[in-house]
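What follows is a single structure, written as structure tokens, with notes after it.
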Amino acid sequence: MSISWACLAVGIVILVIGAVTFAGRFHTLFKDWKRMPEEEKRKIHIKPLCHNIGAAIMVCGALILAAAFSSFFLQKMFSWFMLGWFILAAADIWFISRSKRYMDK
């Protein structure tokens, strides 16, 4: 079994970023979030939004990790899986922007 060390390193980094986002710790690092008035912050349902985005990022990390450990997956299926992930991530962003699930009225 041959391991792709580049995929392993990138996959771990992306998986960790996704887990930190899922836990709700990442958005507090952004300057725009810090500058946002408290009234606006209260309108955003940040916990489910962090779960949604964090899970999407972790799926990307898991795909890259799978490519690290399987040369067959990396050579034959990785591109198709990533294309599918990009399409689903774009649909998720569209859903987030249109849905009232993450915002109070």
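With values rounded to the nearest 0.5 angstrom, Asp92 atom CG is found 10.0 Å from Ser97 atom OG. Leu74 contributes atom CG, which lies 8.0 Å from atom OG of Ser79 (distance to the nearest 0.5 angstrom). How far OH of Tyr102 is from CG of Asn52: 3.5 Å, rounded to the nearest 0.5 Å.
Side-chain rings of Phe26 and Phe22 stay apart, their centers remaining 6.0 Å or farther from each other.
Minimum heavy-atom separation, Leu15 to Met58: CD1-O, 3.4 Å. Scanning all heavy atoms of the two residues, the minimum distance from Arg101 to His45 falls at O-ND1, 2.9 Å. Contact between Cys7 and Ile64 at its shortest, heavy atoms only, is O-CG2, 3.2 Å. In plain terms, the two heavy atoms of Phe78 and Leu63 that are nearest each other are CE1-O, 3.8 Å.
Val10 and Leu83 are members of different hydrophobic clusters when ILVMFWY side chains are connected at heavy-atom separations under 4.5 Å. Put simply, Ile96 and Ile87 are part of two different groups of oily side chains (I, L, V, M, F, W, Y) that touch within less than 4.5 Å, one to the next. Linking ILVMFWY residues whenever their side-chain heavy atoms come closer than 4.5 Å, directly or via other members, leaves Ile93 and Ile46 in distinct clusters. Residues Leu29 and Val20 share a single hydrophobic cluster, defined by chaining ILVMFWY side chains whose heavy atoms lie under 4.5 Å apart.
Between His27 and Trp33, the ring planes are perpendicular. Angles over 60° get that label, and only those under 30° would be called parallel.
Enclosure of atom NZ in Lys41 by more than 12 non-hydrogen atoms of other residues, nucleotides or ligands within 6.0 angstrom is indicated.
Screening residues 12-32 for salt bridge (charged side-chain N to carboxylate O under 4.0 Å, His left out), with sequence neighbours left out, gives Asp32-Arg35.
Residues Thr28 and Lys34 fail the side-chain proximity criterion, which asks for heavy atoms closer than 4.5 Å. In this structure the side chain of Val59 never reaches within 4.5 angstrom of the side chain of Leu88, judged on heavy atoms.
By the side chain to side chain contact (heavy atoms under 4.5 Å, CB included) test, Ile12 pairs with Leu8, Val16, Leu65, sequence neighbours left out. Not a single ring pair (Phe, Tyr, Trp, His ring centres under 6.0 Å) links Phe72 to another residue, sequence neighbours left out.
Counting only distance, with no hydrogens or angles, the side chain of Trp85 and the backbone of Ala56 share a donor-acceptor pair below 3.5 Å.
Classification of Glu39 and Arg42 as a salt-bridged pair fails, no side-chain N sitting under 4.0 Å from a carboxylate O.
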